[in-house]
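The sequence lines fix the lettering, A, B, ..., with proteins before strands; numbering per chain opens at 1. Nothing here was measured: the structure is a model prediction, and the numbers come from that model.
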2 protein chains.
Amino acid sequence: MIVALRLLALGDIGTVTALTHLRVARPHRADAARNYDAILAAARLAFAEQGADAPLEEIARRAGVGIATLYRNFPTREVLIENVYITEVEVVCEAAREAESLAPRAGLYAWLRRFVEYIGAKQPLAAGLNRESTAYLECRRALYAAGGPLLERAQRAREVRADVAIDDVMRLASAIASGHFPQAEQRERVLTVALDGLSTPPG
Amino acid sequence: MIVALRLLALGDIGTVTALTHLRVARPHRADAARNYDAILAAARLAFAEQGADAPLEEIARRAGVGIATLYRNFPTREVLIENVYITEVEVVCEAAREAESLAPRAGLYAWLRRFVEYIGAKQPLAAGLNRESTAYLECRRALYAAGGPLLERAQRAREVRADVAIDDVMRLASAIASGHFPQAEQRERVLTVALDGLSTPPG
DNA sequence: ACTCTAGTGATAGTTGCCCTCCGCTTGCTA
DNA sequence: TAGCAAGCGGAGGGCAACTATCACTAGAGT
């Protein structure tokens with residue numbers, strides 16, 4: 001029975017994490033599609049280097065397209081940021097599948113570490129994201145759908161305290177991901193402390 | 001001996017947390033001093049409402065002064081943000097004194113809760129702060145000087161795990177403070193989980 | 001191979017904000 | 001109460017976001 005539930009959960013992750021519909025439609029014509037890709041690639045780079053405030057005109061220049069083409073595909077800076085962000089979230093959601101093969105608590109923690117690592121690296125990007133936007137809310141929903149089963153499994157095994165919801169766990173992890181740490185290893189260490197808190201029985 | 005150490009620590013907090021020297025000097029002439037206060041008050045309000053990107057011209061308008069007056073007192077947006085921030089940090093540092101009268105772990109945790117509450121409310125402000133600036137580094141130093149003795153006391157009493165430094169604890173707390181939580185009560189709850197992790201023996 | 005249309009880059013213009021310069025005003029001090 | 005420096009407000013230059021227009025080109029469909 002538990003096996004059946006787990007398989008069901010696995011199946012869900014695949015469908016639930018499909019975020020493709022949130023993306024700006026990729027143009028059909030070959031040259032236009034090439035431009036679309038070039039803009040996204042240049043944006044990813046520019047946002048990583050200069051933060052979410054990177055000049056759009058420079059992104060267009062780096063992509064080898066006119067500024068009008070950039071705006072035609074991504075009408076606002078926000079839409080562009082979202083489209084870069086969605087890709088990262090999809091990667092993390094996929095990782096939840098692998099985590100299912102580990103022991104309950106180990107699986108949850110491994111996935112959370114992965115989440116912190118990926119999202120933490122994209123911190124300046126996420127800072128430029130509108131937290132009320134459909135895309136952001138959908139990304140969150142997808143992440144919860146990916147992590148929820150992992151948490152429940154660990155709680156059923158009594159390896160994680162029962163008085164926390166996936167929303168609490170994700171916000172704790174998000175906070176550590178977006179917090180400022182001079183070295184990645186310190187973020188790791190602090191995350192470990194926080195995860196020890198998740199293992200502690202309440203009281 | 002321990003008593004002596006504690007008193008020494010208490011004495012230190014008072015001198016070490018003096019951040020006044022980091023502030024922009026308040027002008028001597030009466031009208032100029034009034035403007036200085038009005039600008040800081042308007043800035044605090046505007047940053048709280050609109051975040052650290054609030055237009056400086058609007059702050060000047062709200063303060064009832066010309067834009068030039070604002071720039072004369074606070075040459076860059078960063079300096080203005082810092083001056084608002086310093087006030088908050090001073091309040092939190094003061095609070096460390098009261099915490100000394102509680103039991104070791106309770107005192108540390110009470111102070112950390114206070115820190116998260118205060119700094120969390122100023123999150124958009126802190127986001128606009130340059131983390132390399134002298135003012136920011138001094139604020140951090142002052143906070144460490146205030147919290148360090150509390151942590152050490154709790155560790156000596158074996159009520160908090162010994163394998164964490166004040167830098168770890170503060171960064172964990174900062175992350176939770178700057179994380180996004182729809183309700184203050186959820187932040188409280190998540191902080192509790194993290195603090196449970198601090199109480200857990202390592203391993 | 002040919003057409004025709006979706007898509008393109010360039011450019012010029014508007015807006016909003018940052019920041020500086022400059023001539024006027026106001027409050028201290030004697 | 002008079003002189004004068006400290007302080008003032010607003011005009012204006014600069015920069016980046018975003019919009020609109022247009023002559024053109026490359027690819028999709030026949």
Side-chain angles (χ1 to χ4, degrees), chain A residues 23-85 124-125 127-130 133 135, chain B residues 23-84 124-125 127-130 133:
Chain A
R23 285 227 183 76
V24 168
R26 195 158 172 275
H28 290 62
R29 234 173 72 173
D31 58 342
R34 246 179 288 132
N35 284 340
Y36 175 96
D37 295 338
I39 292 168
L40 272 185
R44 185 171 344 234
L45 220 67
F47 288 145
E49 284 173 14
Q50 312 182 32
D53 294 332
L56 296 184
E57 303 200 351
E58 196 194 316
I59 293 176
R61 194 178 46 69
R62 283 217 240 178
V65 304
I67 184 68
T69 299
L70 187 150
Y71 276 106
R72 215 171 285 121
N73 282 281
F74 308 98
T76 66
R77 157 179 255 107
E78 202 182 306
V79 170
L80 181 56
I81 293 177
E82 284 170 6
N83 273 266
V84 173
Y85 186 71
L125 187 67
L129 219 51
N130 174 8
S133 70
Chain B
R23 286 226 182 77
V24 168
R26 194 160 173 273
H28 290 63
R29 234 173 73 170
D31 56 343
R34 246 179 287 131
N35 285 340
Y36 175 96
D37 294 339
I39 291 168
L40 271 185
R44 186 172 342 239
L45 220 66
F47 288 144
E49 285 172 15
Q50 312 181 33
D53 294 332
L56 296 183
E57 302 197 349
E58 197 195 314
I59 293 176
R61 196 177 44 69
R62 285 217 239 178
V65 305
I67 183 66
T69 300
L70 186 149
Y71 275 103
R72 212 169 289 117
N73 282 282
F74 308 97
T76 66
R77 157 180 253 106
E78 201 181 306
V79 169
L80 181 56
I81 293 177
E82 284 169 7
N83 273 266
V84 173
L125 187 67
L129 220 50
N130 175 7
S133 70

Pair B:E57 + B:R61, salt bridge at N-O below 4.0 Å: no
Residue pair A:A30/B:A32 against DNA chain D: nearer the 5' end by closest nucleotide is B:A32
| said: What contact category does B:P75 fall into here, base, sugar-phosphate, or nothing, at under 4.0 angstrom with non-hydrogen atoms? | reply: nothing
Atom pairs, N/O to N/O, protein against nucleotides 21-26 of chain C, distance under 3.5 Å?
residue	atom	partner	partner atom	Å
C:dT26	O2	B:R29	NH1	3.4

In whole angstroms, the gap separating C1' of D:dA17 from CG of A:L70 amounts to 11 Å
Can B:L80 and B:I59 be said to form a side-chain contact (heavy atoms from CB on, under 4.5 Å), step by step?
CA-CA 11 Å; B:L80 181 56; B:I59 293 176; 4.3 Å; yes
Regarding the side chain of B:R77, the nearest nucleotide among D:dG7, C:dT11, C:dC18 is C:dC18
Query raised in the report: Checking only heavy atoms, does the side chain of B:E57 share a donor-acceptor pair with the base of C:dC19 at less than 3.5 Å?
Result: yes
Taken to the nearest whole Å, CZ/B:F74 to P/C:dC18 is 16 Å
A:R26 atom CZ is separated from C:dG7 atom P, nearest whole Å, by 13 Å
When every non-hydrogen atom of A:E78 is compared with those of A:S133, the smallest separation belongs to OE2-CB, 3.7 Å
Original post:
Quick one: is D:dG7 close enough that its OP1 or OP2 comes under 4.0 Å of any side-chain N or O from B:T69?
Top reply: no
Next item on the list: Begin with the C-alpha distance, continue with both residues' side-chain angles, and end with the deciding distance and a verdict on salt bridge (Lys or Arg N to Asp or Glu O under 4.0 Å) for B:D37 and B:R26.
Entry: CA-CA 8 Å; B:D37 294 339; B:R26 194 160 173 273; 2.6 Å; yes
| task | Identify whether any heavy atom of B:R61 sits under 4.0 Å from a base atom; if not, whether one sits that close to sugar-phosphate; answer base, sugar-phosphate or nothing. | result | nothing
From NE2 of B:H28 across to P of D:dC8 the rounded distance in Å is 14 Å
Here the distance between atom P of C:dT20 and atom CD1 of B:I67, to the nearest Å, is 11 Å
Query raised in the report: Is the shortest side-chain N/O distance from B:N35 to OP1 or OP2 of D:dC8 below 4.0 Å?
Result: yes
note: A:N73, atom CG; C:dA6, atom P; distance rounded to Å ~ 16 Å
Closest heavy-atom pair, B:P55 versus B:R77, reported as atoms and distance to 0.1 Å, is N-NH2, 4.1 Å
Rounded to whole Å, CG of B:L56 lies from C1' of C:dC19 at a distance of 9 Å
Rounded to whole Å, CD1 of A:I59 lies from P of D:dA16 at a distance of 13 Å
Looking only at heavy atoms, the pair that brings A:P27 and A:A32 closest together is CB-CB, 3.5 Å
Nearest heavy-atom approach of B:N83 to B:V79 is ND2-O, 2.9 Å
